[in-house]
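First the structure, in the form of structure tokens, and then the observations on it.
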Amino acid sequence: MSSAVKNRAWVKNAAIIFLAVMLVLTFFSNTIMNRALPEVAAQYAQSGTITSKVRATADVKANMTYNVEVAETRIVESVAVRQGDTVEAGQILYYLADRESAELKEAQAQLDTLQLAYDKAKLQLEIPDYTADENEIAQLEQDLAEARTKRDEIAAKNEKVKKAKAAVRSAQNYVDSLTDKQASIQEQIAALSEGSSALKQYQQALDQAKKALETAKKNLENIKAEGDIDAARKTVDELVKTLEDEQLKLNRMNEDLQRLYLARDMENAEYQAAYDDAVRALEEALHTVSYDENGNPIDNSAAINAAQANVEAARRKLGTASDADILAQQRAIEDQHITITRTQKSLDAARQELSRIEGLSFRKQQLESEVTRCEGAVDAAQNNFDNALESASSSLKLQLDTVKTQLRAAQHALEDANTALSDAQAEASTTTEQADADIKAKERELEAKRLALAQKKEKALNDAALSNLDMQAQADAIEKQKALIETLKKKDTGATITAQYGGVVTSLSAVAGDTVSTGSVVAVIEVVEKGYTLQFTVTTEQAKLIRTGDVASINSWWGSDTVVTVTGIRSDPQSAGKSKIIVCSVEGDVTVGQSLSIVLGERGATYDIVVPNSAIREDSNGKFILIVESKSSPLGNRYIATRADITVLASDDNSSAVSGALYGNEFVITTSTKPIEAGQQVRMVET
Amino acid sequence: MDSFLKRHRFFIILESAAVVLIAVLMLWESSLVGTLSSQKAAARWQKSGRYAQISAFFAAGHGMDENAVYTLRTAVNSALTQASITAPTDSARLWYDAYSAETSLSAATFRASVNAAVTAVGGDFFRIHPLPLESGWYFSDSDITQDRVLLDTVAAWQLFGSYDVAGMEVTIAGRPFVVAGVVSPEPDRYTSRAYGEAPRIYMSYVTLSDYQQTELTCYEAVLPDPVTGFAQNLLAKQLPVSEGYRQIIENSARFTFSGLLALLKDFAASRMVSVPVVYPYWENAARMLEIHAVLLQLAWMVLCIVPITGIVVITVRLWKGRRLHFKDIPDYYERAREFFNEKRLAWKEKQAQKSSRKKGKEKLPEDLKETEHEESTL
């Protein structure tokens, strides 16, 4: 009976199925499905303008450039300017190295020869030397003067003779006086040594000293050398030694005596010990009772008797040690004492003797020293005496010496006076007439010499004038040659290349050490006064946007008043039609070489449908855009990407103008997270 | 059923595990292969797969220059015309190319100066390499002034300190350029290995060659490929660089099953470097990906042994346990014949009954004829 109980199992099944369906539907719901969809960004196509710009960067150049050329082949030494420097007209650009030319060498050689000739000529010029003549003349004059004076002096000379005679006489007198003086002094000296009061005390002292010396000597002689000190000493020493020996002997004897005492005592002790032993033995014997085999006491009276006899014997021996040796020893000792005393006495006597002798010798020494001292005193006294004598006599001696020298001098003077007298006499021999004649002759000679000298001088002057003219001519020639060399050098050394116009140096083609040949361009100067220009190449498409007269806008952050205007569009010879050269003029505050970034040709054209570049796609069927079309469904809005084919009319950097099957207000997909295809469902970016 | 499962549980577990693993590996491989967008330009251009992307890399010193590219374009155009391959519409392009060169320049702003690796590009480079943009948009060959550059995130960060710098000015090698946008390298791990850490700037090759002669090291093209190998052969013939100094790779075919299988067959030889070419980072990333894909493919191909063996075992078992045998066929034939004969006879009897009811004895020769006709039709 299946229907008795209501079968509700179908509810469970239905619920399960229902839930399964719900689960499946959830997976198809938007939320989950959307997760898997690519997300897209889209924007509306609208009308807009497409501005195509041409951007270019170029360096400013000057309108006029001037090429600096070299006139002849030279080597460049150094470059004075750098590329980019502004130079003025006449400014040095290059320093040229010095050049050796043949002309210069010749000219220098010529100069050398001329100089040589000139120097030689100079040396060969005679300088007239008149010193010999002049000397002669001077001497002659001198002689003349002398002769004249001589004549004047004749009278004087006679006077002189007289005077000379008088002088001789006086000299002679003087000599005589001196001789007398000398003699007197000598007498004085002689007398001095025989005694004078000043010397008396010295003499006395000397005598006293001599006397003392004699006394001392006498005393010394009186002392008798009594006794030999050495022998006495020796005796004393021997006696001391003997005394010591005997003392020793005595000590030994005492020791022996002690030993004897000891021996005796020992003997006595032995006896005593024997006695004690005997007594003991006796006692022992008395007290010992020995028994024989039967137990009967043994009779030891014999032993006892023996022992008693021993004791007696021992007792008798007690204290009987012989002291005969001792007595003998004691006597010996006494003898020894006596010997020692005797030796002592003799020693004392010897010592006394010795001291006496020593005393005597001491005294002798004293006297000897006294003698020596007296002798010294005598010597000293003698010295004093001699010194006093010396000093007394020395003054006299000094006087004597002085007098002697004076005498010699006086004798010399006398001799001279004699000579002078004889000379004067000889001199006064010539007479007045002779003198006159002599003078005249001398005068004539002098005149003649003077004349000769004057003539010589004149001649020399003429010659000098002539040679001066020649030398002048040579000097002129040398100067001319030097000037020539200077001009040649200037051409060859220190030459420079200067800029004819001022401007900015844009290129330097030679470096130090280069050889530049004639006509080569070594520098290019942009002359800035003629204005600036700008040139750059563009493609033909870009050139289509540019027209002459366009004003370019300049990319610069600072506001500048630079104006760039297109002045011409030329075809580029290097690229064969693919590009053109745009030439612009630049006005304003610029420098040559400055880089300007300009934007040209901003022409905008309006188009109906303009989309960003990122919206345009292409595949094998051509260019297309993807449009978002929304379809509303019961499950919400769904967005489908649809394809629309387009053609691009114009484009610039960011957007393009398109045309196609479009209304102009489509929602165009620009970017997406994943690649999408036409017909694919997409979801929009949540903004 | 339970006992059957119990008896064959090992087999079932093994097979199902192998199948699951194979599925996982295949999924993994296909997801890996899809990470490099620069290798899928042909698919983006046309989904149907009749386009191929070819890359050619040149050895240093033997690269192309701009004029060679123009000549090559003309040559390819004429070759395509000769092969009667045309674009589907008038405004569509039939094919496009891109070329790039690598160099290094210093870029500076007021804030900083960096030494950046510069990839100078031309053609539709960013169509083949759609780098993710942080800001701005790519520049293109059709810009009026070719002085825009793309900075990568490292360069933008160092030069400006921000990514939102489209439109600002940067000085590269002393010349002013405008930033068109900021790109970041592709986010997959192969590109991040191959990209390097130096800042990178993308600029127009035409602008670079105005003041620095750099030769092109890479030429890529997306060409129609009506038959397999057509595009590659076309480019190989037209390229002006001789064979010893170039390397041509078909990007669209290298990650397919057959492409990876070919690589697997020649794996050891593919390690040889006989052409002195330095690959740009995207090619290095692709080569890394190739190795991973090849390993995964090898893994799941090897794993396929398990299901195949299982299927073979099952087939053999079923065959062995079959109730129909070959030797039974003649029996079947006989039985079928008998069966049909019976059926026919029964039918004939029915007809005979029907006709005997309607007609009399005149039906006899017709019956005979019908019988003959029936017999012949049997």
Side-chain angles (χ1 to χ4, degrees), chain A residues 50-59 536-539 541-546 555-557 575 578-579 595-603 612-624 645-648 650-656 659-660 670-678, chain B residues 34 37 40-51 66-67 70 85-96 110 124 126-127 130 132-148 166-167 169 171 174-181 206-207 210-211 222-224:
Chain A
I50 302 287
T51 23
S52 14
K53 291 182 258 196
V54 179
R55 284 186 292 270
T57 314
D59 291 340
F536 51 91
T537 46
V538 294
T539 58
E541 291 84 39
Q542 287 171 325
K544 285 184 196 147
L545 298 168
I546 301 172
N555 285 359
S556 67
W557 330 337
S575 71
K578 274 207 289 207
S579 58
S595 172
L596 287 181
S597 301
I598 55 172
V599 180
L600 268 178
E602 284 175 273
R603 264 165 239 299
N613 278 343
S614 52
I616 299 179
R617 296 152 210 280
E618 187 179 358
D619 72 352
S620 59
N621 291 320
K623 290 204 167 123
F624 63 97
D645 288 320
I646 52 154
T647 46
V648 174
S651 71
D652 68 4
D653 290 346
N654 297 319
S655 42
S656 311
S659 78
T670 49
T671 54
S672 63
T673 51
K674 280 185 271 187
I676 45 177
E677 294 158 24
Chain B
S37 55
K40 300 193 293 183
R44 284 198 294 274
W45 190 249
Q46 197 195 70
K47 271 201 81 114
S48 69
R50 290 270 65 87
Y51 270 81
E66 219 183 310
N67 292 329
Y70 297 138
I85 301 171
T86 49
T89 60
D90 280 340
S91 57
R93 289 192 288 167
L94 184 55
W95 65 287
Y96 66 89
F110 68 92
D124 286 279
F126 297 108
R127 206 172 292 283
L133 285 155
E134 297 287 335
S135 70
W137 190 247
Y138 312 112
F139 59 87
S140 76
D141 262 2
S142 59
D143 283 351
I144 281 289
T145 318
Q146 292 282 313
D147 67 344
R148 297 204 297 158
E169 198 174 287
T171 311
R175 288 171 180 79
F177 288 85
V178 176
V179 178
V206 169
T207 318
D210 272 347
Y211 56 88
V222 171
L223 288 160

* Heavy-atom pairs under 4.5 Å with chain A, option from B/D147, B/V222, B/D143 with the top count -> B/D147
* More than 12 foreign heavy atoms under 6.0 Å from NZ of B/K40: is that the case here? -> yes
* To do: Give a yes or no answer on whether the side chain of B/S91 reaches the backbone of A/K623 with a donor-acceptor pair at less than 3.5 Å.
  => no
* Residues forming a side chain to side chain donor-acceptor pair (under 3.5 Å) with B/T207, sequence neighbours excluded -> B/S204
* With side-chain contact (heavy atoms from CB on, under 4.5 Å) as the test, would you mind laying out the steps for B/W137 and A/T671 before giving the verdict? => CA-CA 10 Å; B/W137 190 247; A/T671 54; 4.3 Å; yes
* Most heavy-atom pairs under 4.5 angstrom with chain A, which of B/Q146, B/R44, B/K47, B/E169? -> B/K47
* To do: Mark yes or no for whether A/S620, through its side chain, and B/Q46, through its backbone, hold a donor-acceptor pair below 3.5 Å.
  => no
* For B/V178, is it the side chain, the backbone, both, or neither that has a heavy atom closer than 4.5 Å to a heavy atom of chain A? -> side chain
* Structure fact -> Contacts of B/S142 meeting side chain to side chain contact (heavy atoms under 4.5 Å, CB included) (sequence neighbours excluded), chain-then-number -> B/S140
* Donor-acceptor pair, side chain of B/R148 and main chain of A/D653, under 3.5 angstrom -> yes
* Out of curiosity, A/K578 NZ to B/E66 CD, how far, rounded to the nearest 0.5 Å? -> 6.0 Å
* Structure fact -> When the 4.5 angstrom heavy-atom criterion is applied to A/K544 and chain B, the contacting part is neither
* Asked: A/L545 and B/I144: side-chain contact (heavy atoms from CB on, under 4.5 Å), yes or no, with the steps?
  -> CA-CA 10 Å; A/L545 298 168; B/I144 281 289; 3.9 Å; yes
* Asked: About how many Å separate CZ of B/R93 and CG of A/N621, when rounded to the nearest 0.5 Å?
  -> 13.0 Å
* Structure fact -> Under 4.5 Å to a heavy atom of chain B? For A/T647 that would be side chain
* To do: Please flag which part of B/Y96 lies under 4.5 Å from any non-hydrogen atom of chain A: side chain, backbone, both or neither.
  => neither
* To do: Any chance you could measure A/E541, atom CD, to B/T145, atom OG1, to the nearest 0.5 Å?
  => 11.0 Å
* Residue part contacting chain B, namely of A/E618, when any heavy atom lies under 4.5 Å -> both
* From B/F177 atom CZ to A/T57 atom OG1, the distance as rounded to the nearest 0.5 Å -> 8.5 Å
* Is chain A contacted by the side chain of B/R175, its backbone, both, or neither, given a heavy-atom distance below 4.5 Å? -> neither
